[in-house]
Amino acid sequence: MGKVMTELSMSLDGYIAGPHDGPDNPLGDGGTALFRWYQSGDTPFIVPSGTMTFRVSAASAALLEEMYPRIGALVTGRRTFDITNGWEGRHPSDAPIVVATHEVPEAWVQEYVTGRGAPFTFVTEGVARAVEVARRIAGDRDVAVSAASLVQQCLRLGLLDEILIDLAPVLLGGGVRLFDGLGDAAIGLERLRVVEGRDVTHLLFRVLKA
Ligand SMILES: NC(=O)c1ccc[n+]([C@@H]2O[C@H](COP(=O)([O-])OP(=O)(O)OC[C@H]3O[C@@H](n4cnc5c(N)ncnc54)[C@H](OP(=O)(O)O)[C@@H]3O)[C@@H](O)[C@H]2O)c1
């Protein structure tokens with residue numbers, strides 16, 4: 001069975017989006033700085049969907065080459081899904097997406113049923129169930145948990161095995177904080193790797209289970 005991991009671009013002060021995020025401002029005020037590293041190098045990396053090419057440092061490209069093929073399914077939250085409009089039907093990773101939500105968007109489901117939609121699965125029974133569904137889809141490959149609220153819930157439930165932070169050199173001062181609401185008990189981490197990219201430092205941790 002694969003791992004449950006997360007990979008997110010985060011500011012030095014801990015935000016994965018700046019203030020006032022929404023469909024017209026997907027990463028919030030100042031948040032585009034989080035993704036600057038995707039276009040600040042000279043090594044091309046074509047995403048598995050083929051829909052875009054990043055230009056990153058050689059070190060970042062090597063990490064992406066290693067990581068992307070491992071992803072067998074993604075779990076995301078309804079805000080990220082809505083803000084990106086379901087990545088217009090195709091996520092760059094090309095992996096099937098499981099969306100945690102309280103209400104299934106019937107229009108998207110109908111699109112899928114008629115064969116025109118993308119492989120999204122909507123789960124209304126909570127995060128543990130969403131991860132379970134994603135694990136089944138991913139098989140031996142990894143499940144990538146995206147978006148802050150889901151990472152927080154997975155950490156609280158002991159479901160997360162690894163955390164890959166793409167640390168961006170910016171202080172956003174507000175917005176969507178990644179490590180919020182985790183309770184009082186410390187969560188131990190083992191640092192596995194540090195990769196220096198351009199406009200980014202990749203930090204890989206294993207989550208130590210109590
Ligand atoms: N920097 C990066 O690498 C990166 C990557 C991805 C996303 N982002 C950003 O992250 C932000 C979104 O993250 P977020 O944490 O605010 O929101 P989110 O996790 O994408 O979505 C939260 C929503 O998901 C649903 N949900 C969450 N847990 C649930 C549960 N247990 N049961 C049922 N439904 C559940 C709820 O929606 P409903 O109640 O409406 O159904 C909830 O309001 C956006 O700004 C996005 O652009 C950044």
Side-chain angles (χ1 to χ4, degrees), residues 4-39 47 52 54 56 60 63-64 67-68 71 73-88 91-93 95 97-109 120-134 143-160 162-182 197 199-204:
V4 180
M5 56 86 71
T6 186
E7 186 252 331
L8 290 164
S9 294
M10 189 184 83
S11 66
L12 184 58
D13 54 348
Y15 296 96
I16 63 162
H20 311 120
D21 62 337
D24 296 331
N25 190 20
L27 289 170
D29 298 348
T32 51
L34 295 169
F35 282 2
R36 189 166 297 138
W37 66 276
Y38 281 118
Q39 295 300 339
V47 297
M52 61 175 103
F54 302 146
V56 295
S60 292
L63 189 67
L64 294 172
M67 189 195 66
Y68 266 79
I71 299 174
L74 265 113
V75 180
T76 194
R78 181 64 186 271
R79 287 197 69 234
T80 299
F81 177 83
D82 285 347
I83 284 172
T84 61
N85 192 31
W87 295 271
E88 305 299 336
H91 190 273
S93 70
I97 314 273
V98 177
V99 184
T101 183
H102 291 97
E103 199 175 339
V104 176
E106 289 302 337
W108 277 91
V109 175
F120 294 109
T121 306
F122 298 94
V123 170
T124 55
E125 298 92 11
V127 168
R129 174 75 181 143
V131 170
E132 184 188 324
V133 169
V143 169
V145 179
S146 189
S149 79
L150 295 184
V151 168
Q152 292 157 12
Q153 293 176 73
C154 284
L155 277 169
R156 287 201 301 267
L157 293 167
L159 293 173
L160 207 60
E162 282 184 6
I163 298 173
L164 175 57
I165 296 295
D166 307 315
L167 192 66
V170 61
L171 298 169
L172 290 177
V176 180
R177 192 185 282 279
L178 180 54
F179 297 116
D180 242 353
L182 295 177
D199 282 336
V200 66
T201 307
H202 306 283
L203 301 165
L204 179 64

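Ligands are counted one by one from 1 in listed order, and the atoms in each one are counted from 1 as well.
At the shortest separation from atom 5 (C) of ligand 1 among protein heavy atoms lies Leu8 CD2, 3.2 Å. The nearest heavy-atom contact from the protein to atom 6 (C) of ligand 1 is Ser146 OG, 3.4 Å. Counting protein heavy atoms only, atom 7 (C) of ligand 1 is closest to Thr80 OG1, 3.6 Å. The closest protein non-hydrogen atom to atom 8 (N) of ligand 1 is Ile16 CD1, 3.9 Å.
Between Leu74 atom CG and Ile97 atom CD1 the span is 4.5 Å, to the nearest 0.5 Å. With values rounded to the nearest 0.5 angstrom, Tyr15 atom OH is found 15.5 Å from Leu8 atom CG.
In the candidate list Glu125, Arg79, Arg129, Arg79 is nearest to atom 14 (P) of ligand 1, counting heavy atoms. Between the choices Arg78, Met10, Arg177, Gln153, the shortest heavy-atom distance to atom 29 (C) of ligand 1 belongs to Gln153. Between Ser149, Gly77, Pro23, it is Ser149 that holds the heavy atom closest to atom 27 (C) of ligand 1. Closest to atom 26 (N) of ligand 1 by heavy atom, among Ser11, Ala100, Gly175, is Ala100. Nearest-residue assignment for atom 47 (O) of ligand 1 (options Ser9, Pro105, Pro19, Pro26; heavy-atom criterion): Pro26. For atom 33 (C) of ligand 1, the nearest non-hydrogen atom from the set Ile83, Val123, Thr101 comes from Thr101.
Side-chain atoms of Arg156 never come within 3.5 Å of backbone atoms of Val151 as a donor-acceptor pair (strictly under, hydrogens ignored). Proximity of a side-chain donor or acceptor of Glu125 to a complementary backbone N or O of Ala130 within less than 3.5 Å is not detected.
The Ala17 neighbourhood of ligand 1 comprises atoms 45 (O), with distances under 4.0 Å to a heavy atom of that residue. Residue-ligand proximity, Ala147 to ligand 1, at heavy-atom distances under 4.0 Å covers atoms 13 (O), 18 (P), 19 (O), 20 (O). Each of the following atoms of ligand 1 lies closer than 4.0 Å to a heavy atom of Val127: 31 (N). Every atom of ligand 1 is numbered from 1 in the order shown, and the set under 4.0 Å from a heavy atom of Asp21 is 11 (C), 44 (C), 45 (O). Annotation for ligand 1: atoms under 4.0 Å from non-hydrogen atoms of Ala148 are 13 (O), 15 (O).
Only the side chain of Phe35 comes within 4.0 Å of ligand 1, judged by heavy-atom distances.
A donor and an acceptor atom, one from each side chain of Ser9 and Trp37, are located under 3.5 Å apart. Side chain to side chain, Asp29 and His20 meet the donor-acceptor criterion of an N or O pair below 3.5 Å. Side-chain N/O atoms of Ser60 and His202 include a donor and acceptor closer than 3.5 Å.
In terms of polar-atom proximity, His102 is counted as a contact of ligand 1, with an N or O under 3.5 Å from an N or O of the ligand.
With respect to the salt-bridge test (charged N to carboxylate O, under 4.0 angstrom), the residues Arg177 and Asp13 do not qualify.
Protein heavy atoms all stay at least 4.0 Å away from atom 42 (C) of ligand 1.
Side-chain contact check for Phe35 versus Phe54: every heavy-atom pair is 4.5 Å or farther apart. Side-chain atoms of Met5 and Ile163, non-hydrogen and from C-beta on, never get closer than 4.5 Å to each other.
Between Trp87 and His91, the two ring planes are perpendicular [angle over 60°; tilted spans 30° to 60°].
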